[in-house]
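In this chain, residues are counted from 1 in sequence order.
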Amino acid sequence: METPGLVVHGEAAPFSTALRSLVNNPLYSDVRFVVGQERQEVFAHRCLLACRCNFFQRLLSSEPGPGVPGPVVLSTVPAEAFLAVLEFLYTNSAKLQRHSVLEVLTAAVEYGLEELREVAVTFGLGQLQERCVAFIEAHSQETLRTRGFLELSAPALLPLLRSDKLCVDEAELVLAARSWARVGAAVLERPVAEVAAPVVRELRLALLAPAELSALEEQNRREPLIPVEQIVEAWKCHALRRGDEARGPPCRRRRGTLPREHHRFLDLPFK
C-alpha cells in the first residue's frame, strides 16, 4: 500500500500578496472589462476568474478570437465595487468601504459570491437598512402587499412601524400587521398575539376613528392581536382630546395618514 505523501503548506500572506498584485494588472492579462458609467478599463485573468466564479466561467466560456479580444462591458457595476470583487476572487479577501459596500453587495449577489455577500451585508447593515426603510416609506402600499413583507422578521419590521414617513393609513397598517402575524404564527406554530407582541406596540391606534377602533376591538376579541391595554390607551386619547396624554408617538400622524375629524385634537400635523 502506497504511503500518503506529505502535504506542505506555505505561508498564506506572501501568496495572497502576490495574487493581489495581479488585480487590475495588465501583465499577462487576457481579458479586459469596461466597467461602470465611467467606463473604466479593468484588466483581469480569464482562468482565475473562471475557476473562482461560475458567473465569470459562463461569461468567459467562449474562446477569444484571433487578434486582440474586445473588452467585456459591465456598465451596471461601479468600478470601485468591481475591483473589490476582483480582489476577493484573487485573494479570498477584500477591503470594503462603507460608501461603496452596497454596490459590492449588489455585485456579490449578481455574481453568486455567497461569502462576499454575507460579509457585505454584515458590514453595511446599518446603511442597507436605511435604504430599505427609505424605499418602503416611498412605496408603502405596494410593499405591504408583497410576500417579502410577510416574511420580514420582527426586528426588521420594527423600524418600519416606528417611521413617521410611511405613505400608508393606519387602518391599512393594522391589517398588514395582522396578516404578517398570521403568517408568522403558521410558520412558527405559535399564537398570533405572541408572534405580534414585539411589534404591535408601534401601531398608532389613536389615529383610528371611534367606529374603526370599535371594529378593531371586536375583531381583537375573536382573534387576539393587540393587548387590551393598548386599545384602552387609544380610547383614552379620544376621551381626553387635549393634554399631554393626547400627544406623542402613539398619536402622531404618518405621511400617509388619512384625515379624520378627531385628528385636530391630537399631535401636530406631520412635518
Tell me the ring-ring contact (aromatic ring centres under 6.0 Å, His included) pairs involving residues 19-52, sequence neighbours left out?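 Output for this query lists Phe33-Phe56, Phe33-Phe82, His45-Tyr90.
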Measure the [atom1]-[atom2] distance between [X] and [Y] for me, rounded to the nearest 0.5 Å.
{"X": "Glu110", "Y": "Thr76", "atom1": "CD", "atom2": "OG1", "value": "5.0 Å"}
{"X": "Ile226", "Y": "Glu233", "atom1": "CD1", "atom2": "CD", "value": "13.5 Å"}
{"X": "Leu207", "Y": "Leu258", "atom1": "CG", "atom2": "CG", "value": "10.5 Å"}
{"X": "Leu144", "Y": "Gln141", "atom1": "CG", "atom2": "CD", "value": "7.5 Å"}
{"X": "Asn25", "Y": "Leu19", "atom1": "CG", "atom2": "CG", "value": "11.5 Å"}
{"X": "Arg20", "Y": "Ser93", "atom1": "CZ", "atom2": "OG", "value": "4.5 Å"}

Is it the case that Arg117 places NZ or CZ above or below the six-membered ring of Tyr111, under 6.0 angstrom from the centre and within 45 degrees of the axis?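 Here Arg117 fails the 6.0 Å and 45° test against Tyr111.
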Under 4.5 Å between side-chain heavy atoms, hopping through other hydrophobics if needed: is there a path connecting Val23 to Phe15?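 Linked, Val23 and Phe15 end up in one cluster.
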Has [X] got a side-chain atom pairing as donor or acceptor with [Y]'s backbone, closer than 3.5 angstrom?
{"X": "Thr146", "Y": "Thr143", "result": "yes"}
{"X": "Thr91", "Y": "Phe88", "result": "no"}
{"X": "Ser140", "Y": "Ile136", "result": "yes"}
{"X": "His238", "Y": "Leu208", "result": "yes"}
{"X": "Gln40", "Y": "Val34", "result": "no"}
{"X": "Arg46", "Y": "Ala44", "result": "no"}
{"X": "Asn220", "Y": "Leu216", "result": "no"}
{"X": "His263", "Y": "Pro259", "result": "no"}
{"X": "Glu170", "Y": "Arg204", "result": "yes"}
{"X": "Glu212", "Y": "Ala209", "result": "yes"}

Counting only heavy atoms not in [X], do more than 12 fall under 6.0 Å of its [atom1]?
{"X": "Gln57", "atom1": "CD", "answer": "yes"}
{"X": "Glu229", "atom1": "CD", "answer": "yes"}
{"X": "Arg221", "atom1": "CZ", "answer": "yes"}

If you apply the rule side-chain contact (heavy atoms from CB on, under 4.5 Å), what do you find for Gln230 with Leu203, and how did you get there? CA-CA 9 Å; Gln230 186 177 350; Leu203 294 173; 4.2 Å; yes
[X] side chain near [Y] side chain, heavy-atom distance below 4.5 Å:
{"X": "Arg52", "Y": "Leu48", "value": "yes"}
{"X": "Leu161", "Y": "Val200", "value": "no"}
{"X": "Gln97", "Y": "Val104", "value": "no"}
{"X": "Asn92", "Y": "Glu115", "value": "yes"}
{"X": "Leu158", "Y": "Arg162", "value": "yes"}
{"X": "Val228", "Y": "Val232", "value": "yes"}
{"X": "Leu113", "Y": "Leu89", "value": "yes"}
{"X": "Arg145", "Y": "Phe149", "value": "no"}

Provide the closest heavy-atom pair for [X] versus [Y] in the form atom of the first, atom of the second, distance.
{"X": "Leu152", "Y": "Ala156", "answer": "CD2-CB, 4.1 Å"}
{"X": "Ala79", "Y": "Val35", "answer": "CA-CG1, 3.7 Å"}
{"X": "Glu137", "Y": "Ser163", "answer": "OE2-OG, 2.6 Å"}
{"X": "Ala94", "Y": "Ala84", "answer": "CB-O, 3.5 Å"}
{"X": "Ala154", "Y": "Val199", "answer": "O-CG1, 3.8 Å"}
{"X": "Pro78", "Y": "Glu103", "answer": "CG-CG, 3.6 Å"}

Going through the checks in order, is the side-chain contact (heavy atoms from CB on, under 4.5 Å) test met by Leu86 and Leu49? CA-CA 8 Å; Leu86 287 190; Leu49 298 186; 3.7 Å; yes
Could you tell me if Glu151 and Trp180 have a donor-acceptor pair between their side chains, going purely by distance under 3.5 Å?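 No, Glu151 and Trp180 have no side-chain donor paired with an acceptor closer than 3.5 Å.
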Just checking, any donor-acceptor pair under 3.5 angstrom between side chains of Arg39 and Ser75?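 Absent: no donor and acceptor within the cut-off.
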Can you give me every donor-acceptor pair (side chain of residues 184-193, partner residue at least two apart or in another chain, under 3.5 Å) with its distance?
unit_1, atom_1, unit_2, atom_2, d
Arg190, NE, Glu194, OE2, 3.0

Residue that, paired with Asp164, satisfies salt bridge (Lys or Arg N to Asp or Glu O under 4.0 Å) out of Arg252, Arg255, Arg254: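 Among Arg252, Arg255, Arg254, the one that satisfies the salt bridge (Lys or Arg N to Asp or Glu O under 4.0 Å) with Asp164 is Arg252.
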Test question: given the 4.5 Å side-chain rule for I, L, V, M, F, W and Y, name all other residues clustered with Val7, or answer none.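 Under the 4.5 Å side-chain rule, Val7 groups with nothing.
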Under-4.0 Å salt bridge between Glu87 and Lys95: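 Between Lys95 and Glu87 there is no salt bridge, as every charged N stays at least 4.0 Å from the carboxylate O atoms.
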